[in-house]
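Have a look at the structure below before the remarks.
Each chain gets a letter, A, B and so on, in the order its sequence line appears, and its residues count up from 1.
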Amino acid sequence: MDVKQNLALSAPHIRRPRRTADIMRDVCIGLAPVVIAALWFFRLQALWLLLVTVAACGVTEGVCLKLRRDGAAFDGSAVVTGLLLALSLPAGTNLFAAAVAGIFSIAVVKQLLGGIGHNLLNPAMAGRAMLMVVWPTSLSGYGWADATSSATPLAMTGEESLWSMLWGRENGSIGETSVLLILLGGAYLLATGCIRLRVPVTCVWSFALFMWIFGGNTLFTGDAAAQLLSGGLMLGAFYMVTDFTGKPTTFVGELIYAGGVGVITAALRLWGPYPEGMCFAILLMNLATPLIEYLTRPPVYGTVPSRTAAPDPAKR
Amino acid sequence: MPLPFRGGVAFGHAVEHKMETAQSKIQPFTPAQLVLLMRQGFGAECVPVVKPGDRVLAGQVVGVPPQGEGNRPVFAAPVHCGVSGTVRAVEPRPSATGESLAVVVDSDGKGEAAPSLLTANSRDGVRALMKEAGLIGMGGAGFPTFLKYETNKPIRYVLVNGAECEPYLTCDHRLMVEQPDQVLAGAKALRLAADEAQVMICVEENKPDAIAMLEDAVRGQDGISVVRLPVKYPQGGERQLIKAVLGREVPAGGLPADCGVIVTNVGTTVALADALRGRPLTHRVVTVSGRVAKPANLYVPIGTRLSELLEYCGGATGDARYLWIAGGPMTGAALPSLEVPVIKGTTGLVVLDRMENQESNCIRCGGCARVCPSSLLPFAIDAAVIGGDMAACVDYRADQCISCGCCSYICPAKRHLAHRVTMARSAFRENRIKRA
């Protein structure tokens with residue numbers, strides 16, 4: 001097969017104007033409310049963290065694109081990775097560690113596998129997981145104290161109302177503060193077609209269901225609402241589970257993938273060694289994506305016997 | 001209410017560009033010379049039956065289908081000349097997809113007509129007339145019409161395809177508005193040819209004037225109705241039209257007749273009405289649109305060179321690098337030159353600016369999979385073609401691609417998905433034929 005023949009003259013001769021860079025720009029705009037919330041609650045700590053990760057990701061991407069020499073242009077996806085990485089880290093994270101995570105995300109997780117679209121894992125989540133595994137002390141900043149030894153790390157103190165969790169508070173990573181602003185940014189992503197509603201919704205309800213069943217002292221007594229509003233679940237459901245590259249493209253595949261992330265996150269929160277499970281849940285489901293996608297291919301037109309009804313001979 | 005088909009794209013007026021010509025009355029135009037290609041569409045090249053110096057009359061046969069081998073049908077129909085005059089040459093000429101033998105006729109401007117065809121009023125008579133009048137699918141594919149109707153499968157429905165979902169094109173729209181009685185006469189003949197099958201004239205909602213005219217025309221007619229369809233590309237693809245109107249699918253590797261349906265373009269239907277009056281298929285309506293000074297719908301003899309159409313419409317505007325397209329911008333062929341003549345399946349001449357699309361990595365957004373009307377995963381086939389993995393193309397059912405172009409249209413990475421999936425389909429079909 002001659003792949004290069006007459007590409008410029010092949011139909012269709014009109015294309016939708018939207019490009020990859022436009023999608024990345026829209027994702028950045030959708031992240032803006034979350035970034036503003038982070039800056040509001042954590043001030044300079046958040047600002048430095050955001051600047052360091054975005055710069056690390058952006059510069060690494062630029063260097064890698066130069067080295068590739070295949071004409072691949074800067075499309076803004078590294079900025080998205082940098083933002084997501086910073087938002088998933090706790091305030092007070094060692095800035096040098098954050099920079100290392102950013103470089104690792106872009107250089108190793110993304111570009112070494114072929115660049116945008118070819119990475120198996122979500123780069124931001126892989127960068128964060130790398131820090132959690134090989135450099136856990138770098139994350140022990142404000143709100144993340146003594147992460148590994150606390151028995152119920154996400155449990156609330158009595159005074160903390162669901163309302164304050166909804167509006168925002170200083171807890172966990174810098175992007176997990178205000179659920180309302182996450183929903184606002186998510187609404188923008190939905191409106192611009194960057195994400196499909198079924199993905200975050202499936203993730204959220206599967207998480208809540210699992211938490212309700214297994215999260216209490218006995219079955220069916222878990223506090224799903226509090227669990228939903230705490231930690232990185234909402235941030236992950238709208239901005240990370242929806243990441244194109246790591247999820248299946250098929251309708252059923254998306255449901256399985258998002259549901260899997262929700263359930264694994266809940267299980268890791270309840271029984272795992274780390275206080276938050278979103279990061280590893282996404283990485284685990286990323287690995288399952290190729291298989292899920294292959295197994296959930298939609299039935300091709302004309303190949304389903306029940307739909308290709310034979311003509312009715314009775315009429316003749 | 002018609003059932004929707006899966007996938008597809010809703011372009012909207014800004015992309016459709018139908019306004020430019022939707023109100024343009026069909027104007028006749030006759031050039032001084034015709035280039036009648038012997039390969040008029042899908043299938044075999046015809047054999048010329050005239051030689052240089054011969055005098056020909058309007059409506060006279062100049063090319064006949066070649067002899068078939070054994071019982072296999074020949075995918076071609078005779079070619080008629082649209083003017084009276086003298087044969088200047090019989091030689092290869094450029095076509096939209098390469099080259100074809102052609103009969104070149106200089107018109108004498110008299111329009112002296114050959115004896116008219118014998119009209120028919122029986123099932124077999126209409127089928128024979130379809131063949132004699134040289135009818136092939138005028139929506140672009142060019143499948144010989146008589147072959148569709150000469151089936152031994154029971155046919156319950158005939159869909160007259162007036163969807164015209166391609167951007168820019170309005171030739172079918174104008175036919176339905178200006179000649180609803182001709183559409184009706186053709187539809188009646190199709191009903192006869194298909195053994196009193198139910199005839200449905202299918203029109204998209206963005207042509208309300210055509211729908212109104214046709215509804216008036218078919219009022220009180222037995223077995224003929226007008227179906228209003230929501231606007232979505234590629235509704236005019238016959239497989240999608242069948243799915244949208246009847247909710248059934250054409251089996252993979254089969255023809256519409258395998259699910260009891262025949263689809264015939266509205267232009268072909270009008271051509272059949274002309275044939276019933278004794279006139280073979282020698283003319284058609286062509287939309288000239290895009291970057292042209294005076295966009296128009298022209299009624300021209302088959303064989304008119306596209307350069308003359310463009311000249312008649314005031315030429316191309318601006319000074320950009322042009323792309324000339326025979327047909328619509330989604331499925332039409334980019335032309336090597338404007339010396340290519342109108343054939344029976346030429347729906348339009350669309351002039352566009354040349355675009356540069358630098359491909360970048362697939363970001364797996366899934367847009368192509370969502371718009372694919374065949375439910376394929378174009379990005380996966382794209383990767384398989386680049387990797388040379390024929391087995392994967394087979395596994396992903398590349399053979400079911402209809403080349404509608406929706407995947408390339410939607411792709412934010414500007415990948416040439418339709419091009420590669422179509423390549424995979426062709427390779428797949430050739431392999432299967434070899435194996436058989």
Side-chain angles (χ1 to χ4, degrees), chain A residues 1-3 5-24 70-73 75 77 114-118 193-194 196 243-251 253-254 289 293-294 297-313 315-316, chain B residues 6 15 153-156 167 239 243 248-254 258-260 323 325 329-334 350 352 354-358 360-366 369 373-377 379 385-386 388 396-397 400 403 405 408-414 416 418-420 423-424 427:
Chain A
M1 287 183 272
D2 179 12
V3 175
Q5 140 213 359
N6 295 330
L7 279 182
L9 294 179
S10 68
H13 306 290
I14 51 174
R15 301 290 189 104
R16 190 174 63 145
R18 195 166 168 82
R19 289 172 175 272
T20 303
D22 301 323
I23 296 176
M24 295 305 157
D70 64 349
D75 52 26
S77 59
I116 186 168
H118 289 300
C194 292
R196 307 262 140 194
D243 171 47
F244 290 146
T245 305
K247 76 172 177 54
T249 58
T250 57
F251 182 90
E254 280 183 331
T289 287
E293 183 167 271
Y294 187 78
R297 288 176 295 166
V300 172
Y301 181 105
T303 61
V304 182
S306 62
R307 293 188 192 167
T308 56
D312 181 7
K315 184 192 176 226
R316 316 242 23 130
Chain B
R6 185 210 185 263
V15 177
K153 308 228 164 67
I155 300 300
R156 290 194 61 177
R239 279 152 203 261
K243 179 79 174 174
R248 59 178 75 168
E249 294 182 2
V250 180
D258 293 319
C259 63
L323 191 65
I325 298 153
M330 289 301 285
T331 59
V350 177
L352 295 179
R354 220 167 250 255
M355 54 175 186
E356 302 298 333
N357 280 312
Q358 176 72 41
S360 54
N361 278 3
C362 167
I363 58 169
R364 291 177 46 79
C365 68
S374 295
S375 303
L376 304 177
L377 301 183
F379 70 92
V385 169
I386 290 172
Y396 282 112
R397 295 308 302 246
Q400 286 304 99
S403 297
S408 295
Y409 175 80
I410 212 79
C411 182
K414 308 295 157 208
H416 299 290
H419 178 81
R420 297 208 189 86
M423 278 173 54

Okay, A:Y294 and chain B: the region with an atom under 4.5 Å from a heavy atom over there is side chain
Answer with side chain, backbone, both or neither: which region of A:S77 has an atom nearer than 4.5 Å to a non-hydrogen atom of chain B?
-> neither
Roughly how far, to the nearest 0.5 Å, is OG of B:S360 from CG of A:D70?
-> 10.0 Å
Starting at NZ of B:K414, measure out to OG1 of A:T20 and round the result to the nearest 0.5 Å.
-> 8.0 Å
Heavy-atom pairs under 4.5 Å with chain A, option from B:G366, B:A252, B:S403 with the top count | B:A252
Do A:R307 and B:R248 have side chains that get closer than 4.5 Å, going by heavy atoms?
-> no
Contact class of B:F379 relative to chain A, heavy atoms under 4.5 angstrom = side chain
So, the part of A:R18 with a heavy atom under 4.5 Å from chain B: the answer is backbone
Distance (rounded to the nearest 0.5 Å) between A:R16 CZ and B:S408 OG = 12.0 Å
State the NZ-CZ distance between A:K247 and B:R364, to the nearest 0.5 angstrom.
-> 8.0 Å
Would you please test A:Y301 and B:K243 for side chain to side chain contact (heavy atoms under 4.5 Å, CB included) and show each step?
-> CA-CA 10 Å; A:Y301 181 105; B:K243 179 79 174 174; 4.1 Å; yes
Sub-4.5 Å side-chain heavy-atom contact between A:D75 and B:I363 | no
Looking only at atom types and distance, does a side-chain atom of B:N361 sit under 3.5 Å from a main-chain N or O of A:H118, one as donor and one as acceptor?
-> no
Ranking B:C411, B:P373, B:C365 by heavy-atom pairs under 4.5 Å to chain A gives rank one to B:C365
Shortest non-hydrogen contact between A:V300 and B:S375, atoms and distance = CG2-O, 3.9 Å
B:G332, B:A418, B:G254: which one forms the most heavy-atom pairs within less than 4.5 Å of chain A?
-> B:G332
Residue pair B:C362 / A:I116, side-chain heavy-atom distance below 4.5 Å = no
With rounding to the nearest 0.5 Å, note down the distance linking NE2 in A:H13 to CD1 in B:I325.
-> 4.5 Å
Could you state the interatomic distance from CD1 (B:I410) to CZ (A:R15), rounded to the nearest 0.5 Å?
-> 11.0 Å
Flag the pair A:I14 / B:P167 as yes when at least one side-chain heavy-atom distance between them is below 4.5 Å, and no otherwise.
-> yes
